[in-house]
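Following: one structure in structure tokens, then a few remarks.
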Amino acid sequence: MTLEEAIAKIKPLDHNAMEIAQKRWDSIAKPLHSLGKLETLLIQIAGITGNAEVDLSRRGLIAMCADNGVVEEGVTQTGQEVTAIVAENFLKYDTSVGVMCKQNHAEIFPVDMGAGDVEAGFKAADYIYEDTYTTPAIHHSAIETHASIAVYESSGKLTVYTPSQDVFGYRKNLSRIFGLPMSKVRVVNPGMGGGFGGKIDTVTEPVTALLAMKTGRPVKLVYNRREDIVSSRTRHGMEIKIKTGVKKDGTIISQDMQVIINAGAYAGGTMSIVWAMSGKFFKNHKTPNIRFRATPVYTNTPIAGAMRGFGSPQEFFAQQCQMNQIARDLHISIIDMQLKNLVEPDGFDQRNGQKHGNARPIDCVKKGMELFGWEEAVREQEESRAAGGRYRIGAGMAAATHGNGVYGVCPDTTGVILKMNEDGSVVMFTGVSDMGNGSVTTQVQAVSEELGISMDRIECIQSDTDATMYDLGNYSSRGTYVSCNAAVKVARQIKQELLKEAAQLLEEEQQNLKLEDNGVCVKTNPDKRATLEEVITHARKVNQRDICCADTFASYGLAMSYGAHFVKVSVDTQTGGIKVLEYTAVHDVGKALNPMSVEGQIEGA
């Protein structure tokens, strides 16, 4: 299949529909100032160039459109921001917009990487399989839609409150858009009703910021569900072609994956998805000859971005579907085929020799077989097939991998500040945004354990670019691996400062002391102790100092996580209806610091 043919399948509208839409679009094109009475304002703009702006503040309304870096001059997708309107009472106005766009596509930046010699591998294979799989665009549909509040002060300070997974990234973008120094841009995440990757990119924030700067008033924008679906982000729809060469015993000796990735109208985070996919493809199996190629393309559809896994679900869906088919054709167990091909604890990336980090997918498969009852499920499947009834039992499994952080791609850092209060309680300042997944809670757990302080005495100031240290962002599964390490690093520094003060107060050697139960005691004589309040009082009155530490943790390796999932289903052969009967998921996560959170992540994925 050619690139043109593949892209044709992605296109959302046929040419006739687009021609009709274009005629309608042309017919409503008119300058903003010529629109009818304000009381029945109908904004239907097209073809406006330059910075068209009308101050209608006397009527409580301001409208802006065109090429100002926030809303766009050229229209490339339904749902695109082509005008921004702010009013005290929208019930007075009809502000609906009817916008369609011409259909076209363009490549962004193709990626081609590999290891070994895939063509030589195919020649040496006993069997070659070629299959094509498609995955649709999916909207995140977090409970909270995209929203933001912007405040612009007379001092020139812009503050934006928004449920963001990347407050420091938002600050950088807003600084660039409006030409403001970062000291004049503050981004705060007051809480988030779900992110799933959909709140990494700025969406409403530049619009509310611009309107706040123009009006001198606080501006709030909250998308309804329809607006959120068409005007925010989606998972990338993909067409995945995979060619695999195997030996008769199921050993994979060559594999080539080609992907057409639908970026939507703008690139957004598409290349991040492409690079993430390309890396993980080389970390699941120990295939000696392997190649990954991806062609991301622009199309006239909503913009795509990150969503739960940065491309992992799409690529491993295709790889594992084909692997199950190969196992059936070769009359071997999919379990045996997985155990032959999955990477081992000392495995490495075939491209560069980078270690996977004690990879344990084989252990996941073996444990999953035991917990799931694999042999019994396969027996039920065979019996139902032999019976030939309407309802059939099916059993299947798959194994995949995902990274923890972005080490090797860019500096992967998180900064944390810990400040002791006079009563021995602690305030933690962290750039991490908790999305309901427990990232900040896990940081608090780590601080609590290191300092012997109960969690209820640790308060968090989170995701405020003016108050917290820099954090790369809440994505790429780096929350525990990177951010929690930052909390541990700073907590250990605070611990040494507390022990130093306590040693003076208790007249004991520092190495003889330990922190526990919101205080400090002598290891060999627990009754000789001081509360943390007493320790801080000593620091203030005797040594005239506060105890406060700040530091940054930088990831020094890319640890991979692995998982094996097993499922038993009942299939209605007449209607195609499927009912899940049993499901087992086993994940290699290292040390589970918060088991409830880990379980929630696995079940919610």
Side-chain angles (χ1 to χ4, degrees), residues 3 6-7 10 69 72 76-77 80 104-114 134-140 164-166 168-170 172-173 176-177 195-203 206 232-241 256-283 290-318 349 351-352 354 401-413 472-478 555 558:
L3 174 62
I7 294 172
I10 301 175
E72 298 293 333
T76 58
Q77 67 164 111
Q80 182 172 322
N104 53 41
H105 69 267
E107 292 184 23
I108 301 175
F109 183 80
V111 170
D112 186 340
M113 59 179 61
T134 59
T135 61
I138 301 172
H139 190 257
H140 309 75
S164 165
Q165 294 179 237
D166 186 10
F168 288 94
Y170 281 29
K172 185 175 183 180
N173 286 336
R176 287 177 171 177
I177 290 171
F196 313 115
K199 291 172 182 170
I200 297 175
D201 297 351
T202 54
V203 177
S232 59
R233 298 293 182 267
T234 69
R235 172 172 276 165
H236 289 79
M238 299 186 188
E239 181 174 279
I240 304 169
K241 181 178 180 181
D256 186 5
M257 179 176 283
Q258 299 181 57
V259 189
I260 304 295
I261 300 177
N262 183 4
Y266 294 90
T270 293
M271 291 313 301
S272 296
I273 305 301
V274 174
W275 288 112
M277 287 181 68
S278 67
K280 288 174 284 194
F281 184 63
F282 296 87
K283 300 180 186 299
I290 186 168
R291 185 182 187 186
F292 178 88
R293 288 175 283 177
T295 304
V297 295
Y298 294 115
T299 62
N300 299 120
T301 58
I303 307 166
M307 181 179 176
R308 292 310 304 259
F310 270 77
S312 294
Q314 296 99 312
E315 72 177 338
F316 291 119
F317 162 74
D349 191 315
R351 298 169 299 170
N352 51 30
Q354 184 183 62
T401 184
H402 187 62
N404 295 272
V406 295
Y407 172 80
V409 177
C410 67
D412 193 358
T413 64
L472 181 65
N474 295 269
Y475 48 82
S476 296
S477 301
R478 58 186 299 277
S555 177
L558 181 61

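Predicted model only: the values in this text are computed from it and were never measured.
- The backbone N or O of Ile200 lies less than 3.5 Å from no partner atom in the side chain of Asp166, so there is not a single donor-acceptor pair.
- Side chain of Tyr266 to main chain of Tyr298: no donor-acceptor pair is present (N/O by atom type, distance under 3.5 Å, no hydrogens or angles).
- Without hydrogens or angle criteria, Lys280 side chain to Phe310 main chain gives a donor-acceptor distance under 3.5 Å.
- Taking CD1 from Ile260 and OG1 from Thr295, the interatomic distance works out to 4.5 Å, rounded to the nearest 0.5 Å.
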Apply the test side-chain contact (heavy atoms from CB on, under 4.5 Å) to residues Tyr407 and Gln354: give CA-CA distance (whole Å), side-chain angles for both, the deciding distance (0.1 Å), then the verdict. CA-CA 11 Å; Tyr407 172 80; Gln354 184 183 62; 3.9 Å; yes

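- We find the NE2-CZ distance between His139 and Arg233 to be 9.5 Å, quoted to the nearest 0.5 Å.
- Taking each heavy atom of Leu558 and Gly403 in turn, the nearest pair found is CD1-CA, 4.4 Å.
- Side-chain atoms of Arg478 come within 3.5 Å of backbone N or O of Gly473 as a donor-acceptor pair.
- Taking CG of Asn262 as the start and OG1 of Thr134 as the end, the distance is 12.0 Å to the nearest 0.5 Å.
- Rounded to the nearest 0.5 Å, atoms CG (Asp201) and OH (Tyr170) are 6.5 Å apart.
- Results of the side chain to side chain contact (heavy atoms under 4.5 Å, CB included) test with Pro313 over Arg308, Arg235, Met238 single out Arg235 as the only residue that passes.
- The ring pair (Phe, Tyr, Trp, His ring centres under 6.0 Å) test applied to Phe282 returns no partner, not counting sequence neighbours.
- When only modelled atom types and interatomic distance are considered, Lys283 and Thr401 share no side-chain donor-acceptor pair under 3.5 Å.
- Between the side chain of His236 and the main chain of Ala137, no donor-acceptor pair closer than 3.5 Å is present.
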Quick one: do Asp256 and Arg293 satisfy side-chain contact (heavy atoms from CB on, under 4.5 Å)? Show the steps, please. CA-CA 8 Å; Asp256 186 5; Arg293 288 175 283 177; 2.5 Å; yes

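- Contact check for Trp275 versus Val409: no side-chain heavy atoms found under the 4.5 Å cut-off.
- With hydrogens and angles ignored, the 3.5 Å screen pairs no side-chain donor or acceptor of Arg291 with any backbone N or O of Gln258.
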What's the verdict on side-chain contact (heavy atoms from CB on, under 4.5 Å) for Val111 and Met277, showing C-alpha distance, side-chain angles and the deciding distance? CA-CA 11 Å; Val111 170; Met277 287 181 68; over 6 Å; no

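- Annotation: side chain of Ile273 is not in contact with side chain of Met307 (no heavy-atom distance under 4.5 Å).
- In terms of heavy-atom proximity, Gly279 sits nearest to Arg351 at CA-NH2, 3.6 Å.
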